[in-house]
Amino acid sequence: MRARGLETAVRVGGAVVAAAAAVLAALIESFLVPTYWGGIAIPLAGAFAFAGNWSLAALAVWWTGSRWGALVTSLAWFGVVLTASMPTSAGSLVISSGFNGYALLLAGTAGIAVALWRYFRPRPQQAPSAPKESRQ
(Lines give C-alpha, C1' and ligand atoms only; values in the text may rest on other atoms or scores of the structure.)
Protein backbone atom coordinates (compact mmCIF):
# COMPACT_ATOMS: atom_id res chain seq x y z
CA MET A 1 0.00 0.00 0.00
CA ARG A 2 2.84 2.38 0.83
CA ALA A 3 4.52 1.84 -2.57
CA ARG A 4 1.29 2.73 -4.37
CA GLY A 5 1.04 6.01 -2.44
CA LEU A 6 4.63 6.85 -3.32
CA GLU A 7 3.99 6.09 -6.98
CA THR A 8 0.92 8.34 -6.97
CA ALA A 9 2.91 11.13 -5.33
CA VAL A 10 5.63 10.84 -7.97
CA ARG A 11 3.07 10.95 -10.79
CA VAL A 12 1.25 13.98 -9.36
CA GLY A 13 4.57 15.68 -8.65
CA GLY A 14 5.67 14.99 -12.21
CA ALA A 15 2.49 16.57 -13.56
CA VAL A 16 3.00 19.65 -11.38
CA VAL A 17 6.64 20.03 -12.38
CA ALA A 18 5.82 19.55 -16.08
CA ALA A 19 3.04 22.15 -15.87
CA ALA A 20 5.38 24.58 -14.10
CA ALA A 21 8.00 23.99 -16.79
CA ALA A 22 5.38 24.73 -19.47
CA VAL A 23 4.45 27.99 -17.72
CA LEU A 24 8.11 28.99 -17.46
CA ALA A 25 8.73 28.09 -21.10
CA ALA A 26 5.72 30.15 -22.20
CA LEU A 27 6.93 33.15 -20.21
CA ILE A 28 10.43 32.96 -21.68
CA GLU A 29 9.08 32.48 -25.20
CA SER A 30 6.68 35.40 -24.78
CA PHE A 31 9.52 37.76 -23.93
CA LEU A 32 11.61 36.43 -26.85
CA VAL A 33 8.98 37.60 -29.35
CA PRO A 34 10.61 41.00 -30.04
CA THR A 35 13.89 39.41 -31.19
CA TYR A 36 15.47 41.30 -34.07
CA TRP A 37 18.93 41.12 -35.55
CA GLY A 38 19.93 44.00 -37.75
CA GLY A 39 16.30 45.02 -38.23
CA ILE A 40 15.22 41.52 -39.31
CA ALA A 41 12.70 39.60 -37.25
CA ILE A 42 14.14 36.33 -35.95
CA PRO A 43 11.39 33.82 -35.00
CA LEU A 44 13.41 32.43 -32.12
CA ALA A 45 10.36 32.25 -29.86
CA GLY A 46 8.48 30.14 -32.43
CA ALA A 47 11.33 27.66 -32.78
CA PHE A 48 11.61 27.29 -29.02
CA ALA A 49 7.83 26.97 -28.70
CA PHE A 50 7.59 24.11 -31.20
CA ALA A 51 10.48 22.14 -29.75
CA GLY A 52 9.60 22.96 -26.16
CA ASN A 53 5.93 22.03 -26.35
CA TRP A 54 6.66 18.76 -28.11
CA SER A 55 9.37 17.76 -25.65
CA LEU A 56 7.52 18.95 -22.53
CA ALA A 57 4.52 16.86 -23.51
CA ALA A 58 6.75 13.80 -23.92
CA LEU A 59 8.38 14.51 -20.56
CA ALA A 60 4.99 14.86 -18.88
CA VAL A 61 3.81 11.55 -20.36
CA TRP A 62 6.97 9.86 -19.15
CA TRP A 63 6.75 11.34 -15.64
CA THR A 64 3.04 10.73 -15.14
CA GLY A 65 2.80 7.40 -16.94
CA SER A 66 -0.37 8.63 -18.65
CA ARG A 67 -1.01 10.23 -22.00
CA TRP A 68 -3.10 12.89 -20.23
CA GLY A 69 0.14 14.48 -19.06
CA ALA A 70 0.53 15.93 -22.55
CA LEU A 71 -2.76 17.76 -22.11
CA VAL A 72 -1.65 19.24 -18.78
CA THR A 73 1.41 20.92 -20.32
CA SER A 74 -0.62 22.08 -23.31
CA LEU A 75 -3.23 23.80 -21.17
CA ALA A 76 -0.58 25.45 -19.00
CA TRP A 77 1.26 26.80 -22.07
CA PHE A 78 -1.94 28.03 -23.73
CA GLY A 79 -3.05 29.77 -20.53
CA VAL A 80 0.12 31.85 -20.31
CA VAL A 81 0.38 32.63 -24.02
CA LEU A 82 -3.26 33.65 -24.37
CA THR A 83 -2.98 35.86 -21.29
CA ALA A 84 0.20 37.47 -22.63
CA SER A 85 -1.43 38.18 -25.99
CA MET A 86 -4.33 40.16 -24.47
CA PRO A 87 -3.80 43.88 -23.82
CA THR A 88 -4.13 45.17 -20.29
CA SER A 89 -6.42 48.07 -19.36
CA ALA A 90 -3.41 50.37 -19.80
CA GLY A 91 -2.76 48.99 -23.30
CA SER A 92 0.37 46.99 -22.48
CA LEU A 93 0.93 43.90 -24.59
CA VAL A 94 3.62 41.22 -24.27
CA ILE A 95 2.98 39.25 -27.47
CA SER A 96 2.40 41.74 -30.24
CA SER A 97 0.68 41.06 -33.53
CA GLY A 98 3.52 40.75 -35.97
CA PHE A 99 5.61 38.09 -37.64
CA ASN A 100 7.28 36.90 -34.44
CA GLY A 101 4.06 36.95 -32.42
CA TYR A 102 2.21 34.89 -35.00
CA ALA A 103 5.20 32.56 -35.35
CA LEU A 104 5.11 31.90 -31.61
CA LEU A 105 1.39 31.17 -31.61
CA LEU A 106 1.43 28.97 -34.72
CA ALA A 107 4.63 27.06 -33.97
CA GLY A 108 3.67 26.49 -30.33
CA THR A 109 0.26 25.23 -31.36
CA ALA A 110 1.86 22.98 -33.98
CA GLY A 111 4.18 21.50 -31.35
CA ILE A 112 1.20 20.78 -29.12
CA ALA A 113 -0.75 19.31 -32.03
CA VAL A 114 2.10 16.95 -32.93
CA ALA A 115 2.44 15.82 -29.32
CA LEU A 116 -1.29 15.29 -28.84
CA TRP A 117 -1.53 13.42 -32.15
CA ARG A 118 1.29 11.15 -31.07
CA TYR A 119 -0.31 10.22 -27.78
CA PHE A 120 -4.03 10.33 -28.64
CA ARG A 121 -4.18 8.96 -32.19
CA PRO A 122 -6.28 5.85 -32.71
CA ARG A 123 -4.12 2.78 -32.90
CA PRO A 124 -5.06 -0.18 -35.09
CA GLN A 125 -6.19 -3.21 -33.18
CA GLN A 126 -4.05 -6.30 -33.57
CA ALA A 127 -5.99 -9.31 -34.77
CA PRO A 128 -5.51 -12.26 -32.47
CA SER A 129 -3.13 -14.72 -34.05
CA ALA A 130 -4.25 -18.24 -34.75
CA PRO A 131 -2.72 -21.08 -32.76
CA LYS A 132 0.34 -22.65 -34.32
CA GLU A 133 -1.48 -25.91 -35.09
CA SER A 134 -4.10 -24.22 -37.29
CA ARG A 135 -1.56 -22.37 -39.46
CA GLN A 136 -0.53 -25.54 -41.34
Side-chain angles (χ1 to χ4, degrees):
M1 187 69 156
R2 187 170 176 94
R4 182 162 170 80
L6 181 61
E7 181 181 343
T8 302
V10 168
R11 289 177 189 265
V12 169
V16 169
V17 170
V23 167
L24 181 64
L27 283 172
I28 292 170
E29 293 158 2
S30 296
F31 287 106
L32 283 176
V33 167
T35 304
Y36 288 88
W37 188 9
I40 299 172
I42 306 295
L44 193 61
F48 284 158
F50 181 82
N53 287 341
W54 193 0
S55 59
L56 279 174
L59 182 67
V61 168
W62 182 65
W63 270 343
T64 62
S66 172
R67 63 185 179 171
W68 293 99
L71 196 61
V72 169
T73 59
S74 303
L75 293 175
W77 186 85
F78 267 124
V80 172
V81 169
L82 292 178
T83 302
S85 63
M86 289 188 275
T88 63
S89 59
S92 299
L93 189 63
V94 176
I95 299 176
S96 60
S97 60
F99 176 72
N100 283 350
Y102 293 136
L104 169 69
L105 295 172
L106 290 173
T109 304
I112 288 171
V114 167
L116 291 179
W117 176 80
R118 179 175 180 210
Y119 294 112
F120 285 96
R121 72 177 182 252
R123 309 226 171 161
Q125 296 292 326
Q126 294 284 337
S129 61
K132 213 174 207 183
E133 296 83 32
S134 65
R135 287 189 217 164
Q136 296 173 352

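Positions are given from 1 along the sequence.
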Exercise. Taking all heavy atoms of Gly101 and all of Ile95, pick out the closest pair and write down the distance.
Key: CA-CG2, 3.9 Å
Quiz prompt | Minimum side-chain heavy-atom gap Val23-Trp77 below 4.5 Å | solution = no
Quiz item: Should Leu104 and Phe31 be counted in the same cluster of Ile, Leu, Val, Met, Phe, Trp and Tyr side chains packed under 4.5 Å apart?
Solution: yes
Quiz item: Would the number of heavy atoms belonging to other residues, nucleotides or ligands and lying under 6.0 Å from CZ of Phe120 be above 12?
Solution: yes
Quiz item: Less than 4.5 Å apart, any side-chain heavy atom of Phe50 and any of Leu106?
Solution: no
Quiz item: Should Val94 and Val33 count as side-chain neighbours, where that means a heavy-atom distance under 4.5 Å?
Solution: no
Self-check item: Where Ala22 and Thr73 come nearest, the two heavy atoms and their spacing
Solution: CB-O, 3.6 Å
Quiz item: Looking at Leu116 and Ala70, what are the two nearest heavy atoms and their distance?
Solution: CD2-CB, 4.0 Å
Quiz item: Considering only heavy atoms from C-beta outward, does the side chain of Asn53 approach that of Ser74 to under 4.5 Å?
Solution: no
Quiz item: Any idea which heavy atoms bring Val72 and Ala19 closest together, and the distance?
Solution: CG1-CB, 3.8 Å
Quiz item: Can you name the closest pair of heavy atoms from Ala51 and Ser55 and give their distance?
Solution: O-OG, 2.8 Å
Quiz item: Quick one: does Ile42's side chain get under 4.5 Å of Tyr36's, heavy atoms only?
Solution: no
Practice problem: Taking all heavy atoms of Met86 and all of Leu93, pick out the closest pair and write down the distance. | Solution: C-CD1, 3.6 Å
Quiz prompt | Any Phe48 side-chain heavy atom under 4.5 Å of Ile28 side chain | solution = no
Quiz item: Is any side-chain heavy atom of Phe78 less than 4.5 Å from a side-chain heavy atom of Thr109?
Solution: yes
Quiz item: Does a side-chain heavy-atom distance below 4.5 Å link Leu71 with Trp68?
Solution: yes
